[in-house]
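The next block holds one structure in the form of structure tokens; read it before the comments.
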Number of protein chains: 2
Amino acid sequence: MPSSAVPARRVTAAMVAERAGTSIATVSLVVNGKDRGRVSAPIAARVRDAVDELGYVVDHAASSLARGTGDLVVLIAPDLSNPFFAEVIRGVRDTLGDRYQLVLSVTERGAQPATSDLRRFERLRPAGILVDAPAAGGSLDAAVPVVLLDAPDAPTGAVAVDYDLTSGVAELVAHLRERGHERVAYLDGTARVATFGVRHRLFQEACAAAGITVSELGARADLTVDAAAAATEHALEAWHEDGVTAVVAAADTLAYGVLRVAAATGLRVPEDLAVAGFDDLPSSSVTAPALTSVALPGAELGRAAALRLLAAVDGTAAEPVALPTRLVRRASTGG
Amino acid sequence: MPSSAVPARRVTAAMVAERAGTSIATVSLVVNGKDRGRVSAPIAARVRDAVDELGYVVDHAASSLARGTGDLVVLIAPDLSNPFFAEVIRGVRDTLGDRYQLVLSVTERGAQPATSDLRRFERLRPAGILVDAPAAGGSLDAAVPVVLLDAPDAPTGAVAVDYDLTSGVAELVAHLRERGHERVAYLDGTARVATFGVRHRLFQEACAAAGITVSELGARADLTVDAAAAATEHALEAWHEDGVTAVVAAADTLAYGVLRVAAATGLRVPEDLAVAGFDDLPSSSVTAPALTSVALPGAELGRAAALRLLAAVDGTAAEPVALPTRLVRRASTGG
DNA sequence: CTGAAAGCGCTTACAG
DNA sequence: CTGAAAGCGCTTACAG
């Protein structure tokens, strides 16, 4: 039989009640664990048996309609392909436990989560919504608890978890300084995400403080290796003429593009051009050469966000946080 | 105001009906586009105005309860962090259009989607479920249409879309043969996924046919760079003593681990050891050296799967497919 | 063309 | 301790 051709009959609470010789109300109490002191032990046992025998599962639509809210938690993110998110998801899931069911949603290619995405998911009556790297400036309130991840421009009062990039950036700039770089270029992302703005700004400030000049000849690209490679190809000669000896990219993925072009044009990394990124993706240890990067611990971000969502669901307040970051030195900057 | 502290009031069809001076039934017809010839133009217009003014959105729980099914499509996958999935997702989304809303679910770390995952999502009354790389042997029927992706062992009759790996593997083996390899090792994945079994088997068969010996000293690892590196470290010396000159990994991620260990131990790739993988991930063009890989076109897989799900939803039958694959030659095997 | 009403499958006071 | 009943917000015959 085709697995999709013979829809099994849906088992309802009424069927369970009939089999257990009791009422629907009692079934509901038992399956929701609200039977303590409300249902006698023998009846509860009969209900549980019937549930097992019939394979009953509470219908989500009916339940969340009656209750007003369900057990779904939605995580909206711009780009799940970034291995960084696997970590975030793991962190969220671990803290959510199995009282809640996590589902993910990716925005259209390149777009940041916006209010419209939130609206679309409010319909589902989720217990809460997590939004990663929301579009800058959008008002993101909803009829359900919302926690923002990596949203340094979140409006005051919004529940948000962020990275404190100052430590990581300071280490990066000190490292570049140590390696003798005096003139560097910055390869930014094109996405209008606040965290990119912060990375760029902090980097500029730290360079200024350390006496490093950031070349006017910055470039920007979509968050793909190909786009970054194209942007680099375009800018490389100008960088060289401008005396640039190092490129810092707003994300590891962008830095990969720089590495690819360097390899293709015979440029030695780090001797001719040092390269560094942000994220410290797993693959950054196997690029040619291995990539120096400001590590952004994804699982911790996910954990912190989930904790705050749970608090919001319970009506408890939670302080915003900023997680510390650090530099991972590798061959692309001479270790 | 905290974005999560002041839940906006939910707008219902009753509120829209009152504002438009009509009934709930009429509102339902209009918002669902079923008003042609059933609702007069002026009333329909008033309803639409009221919808806009109030920002009404049909409640998903109520709607799918009344209708029996909703507009959600669930994609269950073992590992979204693999950039391969970004492509699959893009393909699914593009063909689904916006009549359906796609949500994703990742299984617990390392686990393949199983029947229990299906059960959990049936509750949501989705229009259909897509399951990528399901656990081998599980019966995966559900009360909703299900399409399997990358499930070469799917029971007859199940709707599945797969890769035809024979062409890609044949090219890979011919390429290795051309480069003079006579003894190779295979680094398998540990996940009990059918597609891995197929890759391994086809590779062995093709090698046998081409007169290449596959070393008994195979290894296996979880689908992470770290795990693959550990497995490689463990096996490397034995491979060398066994006369192995090339390693083929069941996935690019695994091949990355081999590359890392090779680099760390001063082994030259491909001179001392050639390396190849499956997937052709975007980052495979920037590894050290760039990785030869059997390309598995993710977006096409997603598109094919979504098409078949739409057919199943409409009650139409659809033939299973096997998408063609090919080899991408790069430096890790001497191009 | 329009709306009152039944019903989707639950949960939760409420009365017994 | 137990169950009848109202209600969650829709959709869809059905009667007008």
Side-chain angles (χ1 to χ4, degrees), chain A residues 7-47 50-51 54-72 122-127 143-144, chain B residues 7-47 50-51 54-72 122-127 143-144:
Chain A
R9 191 130 172 302
R10 222 179 269 281
V11 179
T12 68
M15 295 163 67
V16 175
E18 191 189 342
R19 181 165 193 126
T22 181
S23 71
I24 297 177
T26 300
V27 170
S28 175
L29 290 174
V30 173
V31 296
N32 288 306
K34 297 183 178 169
D35 54 325
R36 283 295 309 273
R38 319 253 295 98
V39 180
S40 68
I43 292 205
R46 286 217 305 278
V47 169
V51 165
L54 264 30
Y56 172 67
V57 186
V58 178
D59 183 82
H60 186 265
S63 175
S64 49
L65 182 58
R67 232 194 260 274
T69 179
D71 64 354
L72 234 48
E122 264 182 274
R123 295 187 317 146
L124 300 184
R125 295 173 174 264
V144 302
Chain B
R9 190 130 173 302
R10 224 180 267 282
V11 179
T12 68
M15 295 164 66
V16 174
E18 191 189 341
R19 182 165 192 126
T22 182
S23 71
I24 297 177
T26 300
V27 170
S28 175
L29 290 175
V30 173
V31 297
N32 289 305
K34 297 181 178 168
D35 54 325
R36 284 296 306 272
R38 318 251 296 100
V39 179
S40 67
I43 292 204
R46 286 218 305 277
V47 169
V51 165
L54 264 32
Y56 172 66
V57 186
V58 178
D59 184 82
H60 186 265
S63 175
S64 50
L65 181 57
R67 232 195 262 273
T69 178
D71 63 354
L72 234 48
E122 263 183 274
R123 295 186 318 145
L124 300 184
R125 298 174 173 263
V144 300

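In the text below, chain A, chain B and the rest are named by the order of the sequence lines, each starting its count at 1.
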**Asked** What stems involve DNA chain C, if each pair must be Watson-Crick or G-U and both of its distances must be under 3.5 Å, with 3 or more such pairs in a row?
**Response** C:1-3 with D:14-16, C:5-12 with D:5-12, C:14-16 with D:1-3
**Closest contact, heavy atoms only, B:S64 versus B:R125** = O-CD, 3.8 Å
**Message:** Let's go through B:E18 and B:I24 carefully: what are the C-alpha distance in whole Å and the side-chain angles of both, what is the deciding distance for side chain to side chain contact (heavy atoms under 4.5 Å, CB included) to 0.1 Å, and is it a yes or a no?
**Reply:** CA-CA 8 Å; B:E18 191 189 341; B:I24 297 177; over 6 Å; no
**Item:** For A:A62 against A:D59, the heavy-atom pair lying closest together
**Value:** N-OD2, 2.8 Å
**Asked** Taking DNA chain C as the partner, which of residues 29-45 of chain A come within under 4.0 angstrom of it by heavy atom?
**Response** A:N32, A:K34
**Fill in**
Across all chains, not counting sequence neighbours, the side chain to side chain contact (heavy atoms under 4.5 Å, CB included) partners of B:R123 are A:V57, A:H60, A:D71, A:Q101
**Item:** Nearest heavy atoms of B:S63 and B:V58, plus distance in Å
**Value:** CB-CG1, 3.7 Å
**Fill in**
First and last nt of DNA chain D near chain A, cut-off under 4.0 Å to heavy atoms, 5' to 3', are D:dC1 to D:dG9
Please table the atom pairs, donor to acceptor, closer than 3.5 Å between any side-chain atom in residues 33-46 of chain B and protein atoms at least two apart or in another chain.
residue	atom	partner	partner atom	Å
B:D35	OD2	B:R48	NH2	3.4
B:R46	NE	B:A20	O	3.1
B:R46	NH2	B:A20	O	3.2

**Item:** Check: A:V144 and A:T69 side chains under 4.5 Å, non-hydrogen atoms
**Value:** no
**Asked** Reckon A:R123 touches a base, only the sugar-phosphate, or nothing at all at heavy-atom distances under 4.0 Å?
**Response** nothing
**Asked** Is there a residue in residues 21-28 of chain A whose heavy atoms reach under 4.0 Å of DNA chain D, and which residues are they?
**Response** A:T22, A:S23, A:A25, A:T26
**Message:** For A:T12 versus A:Y56, what's the shortest heavy-atom pair and its separation?
**Reply:** C-CE1, 3.5 Å
**Asked** Taking all atoms of both residues into account, what is the closest heavy-atom pair of B:T22 and B:V47, and its distance?
**Response** CG2-CG2, 3.8 Å
